[in-house]
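One is the number of the first residue; the rest follow in order along the sequence.
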Amino acid sequence: MADVSDVEAALVSFVTAALYPEGPTAASVTGQPLRVYRGWPLSGSLEADLLRGVANVSVFAVPAASRNTTRWAAMTTTTSSVPTLTVQVSGNSASFGGQGGATQVAGLLVSNQPFVYRGQAGDTPALVAAVLAQSVRAVRACWLSGTTVSVPGVPNIVARVVADGAAMTEWARQEQGFRISAWCPNPSSRDLVCRTLSVALATVRFLELPDGTGGFVRYRSTSSFDDRQDAQSYRRDLVYDVEYATTDVRSAPSMLFGDLQMSSAELFA
């Protein structure tokens with residue numbers, strides 16, 4: 001899920017990318033070092049930076065500037081994953097390849113009877129084939145050769161591999177104000193920093209968050225402060241509202257065999 005700290009961190013990353021368009025190892029838009037961080041600056045560190053010509057940009061959640069924007073009942077969306085384990089079938093033989101894993105399931109369907117194995121971390125195709133062959137041998141003859149399982153006496157078999165997906169449920173939605181403050185050693189650098197950020201933030205509608213959702217960004221206000229010129233501190237605040245979701249992400253197993261019939265009764269596995 002995303003919370004206020006995730007939004008602050010995402011804003012810090014966005015601001016850093018805007019002020020260092022060629023990357024953090026290249027020059028900033030001002031040509032001078034810039035420090036970007038979450039939270040309110042410490043006065044001693046800030047003044048030391050400003051005396052050395054190092055501008056600071058802080059990102060801070062505005063107190064008492066949030067509201068509940070939940071509009072709908074809980075909604076769940078699912079996403080699928082592509083398995084890294086593979087399987088190829090030729091007649092009554094199935095050959096496994098790729099790489100197994102803890103979120104993958106492999107299975108054989110022999111004469112309408114399923115044999116299933118849920119993988120573990122570090123599984124190899126040979127191990128998956130051996131486990132499935134052992135399961136088949138409990139009820140009928142089966143041959144194992146390396147990564148290939150063969151079942152004599154049947155015209156063909158079905159083999160499949162799937163990977164767990166993810167189910168994300170949005171339980172609530174909220175809007176929070178965030179103050180992006182530019183603390184600069186002179187008016188020209190402050191204007192350049194804030195102009196750059198204003199343009200960059202005007203072009204983004206949804207801020208990418210760690211849980212895969214997007215926070216809707218909306219401009220609120222701008223304020224300038226020049227009351228500490230004796231300390232060479234020229235500040236401007238850009239305030240934006242970000243609306244984001246509270247989500248819960250859980251594993252969602254995928255269907256392996258879904259249309260089986262055993263003893264005239266449908267079986268879903």
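W72 belongs to a hydrophobic cluster whose other members, connected by ILVMFWY side-chain contacts under 4.5 Å either directly or through intermediates, are M75. In this structure, V239 belongs to a hydrophobic cluster whose other members, linked by side-chain heavy atoms under 4.5 Å apart, are V62.
Taking the ring-ring contact (aromatic ring centres under 6.0 Å, His included) definition, one finds that F178 meets it with nothing, sequence neighbours left out. Under the side-chain contact (heavy atoms from CB on, under 4.5 Å) criterion, P41 pairs with Y37, L46, S58, W183, not counting sequence neighbours. Judged as a side-chain contact (heavy atoms from CB on, under 4.5 Å), and not counting sequence neighbours, A102 has no contacts. In this structure S90 satisfies the side-chain contact (heavy atoms from CB on, under 4.5 Å) test with no other residue, sequence neighbours excluded. Qualifying side-chain contact (heavy atoms from CB on, under 4.5 Å) partners for A166, counting only residues two or more places apart in sequence or in other chains: T79, V249. Here Y219 pairs with Y240 under the ring-ring contact (aromatic ring centres under 6.0 Å, His included) rule; sequence neighbours left out.
Relative to the six-membered ring of F225, R235 meets both conditions, a distance below 6.0 Å and an angle of at most 45° to the axis.
Put simply, CD on Q113 and CD1 on I157 are 13.0 Å apart, with the number rounded to the nearest 0.5 Å. Rounding to the nearest 0.5 angstrom, the gap separating the CG atom in D241 from the CD atom in Q174 is 13.0 Å. Atoms CD and OG, on E175 and S66 in that order, are 9.0 Å from each other to the nearest 0.5 Å. Once rounded to the nearest 0.5 Å, the distance linking CD of E170 with CZ of R71 reads 9.0 Å. D6 contributes atom CG, which lies 8.5 Å from atom OH of Y244 (distance to the nearest 0.5 angstrom). Between atom OG1 of residue T103 and atom CD of residue Q120 there is a gap of 12.5 Å, rounded to the nearest 0.5 Å.
No side-chain heavy atom of F206 sits under 4.5 Å from any side-chain heavy atom of T213. Side-chain contact between S254 and L256 is absent, with no heavy-atom pair separated by less than 4.5 Å. With a 4.5 Å cut-off on side-chain heavy atoms, T86 and F96 do not count as touching. In this structure, the side chains of V204 and L201 come closer than 4.5 Å at one or more pairs of heavy atoms.
Each of L11, L238, V193 was scored for a side chain to side chain contact (heavy atoms under 4.5 Å, CB included) with V57, with one residue passing: V193.
For residues 101-128, there are no ring-ring contact (aromatic ring centres under 6.0 Å, His included) pairs, not counting sequence neighbours. For the salt bridge (charged side-chain N to carboxylate O under 4.0 Å, His left out) condition, the pairs that include at least one residue of residues 29-45, sequence neighbours left out, are E8-R38, R35-D49.
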For this session: Step by step, work out the side-chain contact (heavy atoms from CB on, under 4.5 Å) result for R205 and F216.
Result: CA-CA 6 Å; R205 286 294 175 264; F216 180 65; 4.2 Å; yes
For this session: Verify side-chain hydrogen bond (donor to acceptor under 3.5 Å, both in side chains) between S150 and N92, making sure each step is shown before the conclusion.
Result: CA-CA 6 Å; S150 301; N92 60 5; 5.0 Å; no
Identify every side-chain donor-acceptor pair in residues 127-139 under 3.5 Å, counting partners at least two apart or on other chains, and give the distances.
unit_1	atom_1	unit_2	atom_2	d
S135	OG	V131	O	3.2
R137	NE	C142	O	3.4

Going by atom type alone, with no hydrogens or angles, which donor-acceptor pairs under 3.5 Å involve a side-chain atom of residues 19-26 and a protein atom two or more places apart or on another chain?
unit_1	atom_1	unit_2	atom_2	d
Y20	OH	L34	N	2.9
Y20	OH	L34	O	3.3

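For R118 and D164, the salt-bridge test passes: some basic side-chain N is under 4.0 Å from an acidic carboxylate O. By the 4.0 Å N-to-carboxylate-O rule, R67 lies too far from E243 to be salt-bridged with it.
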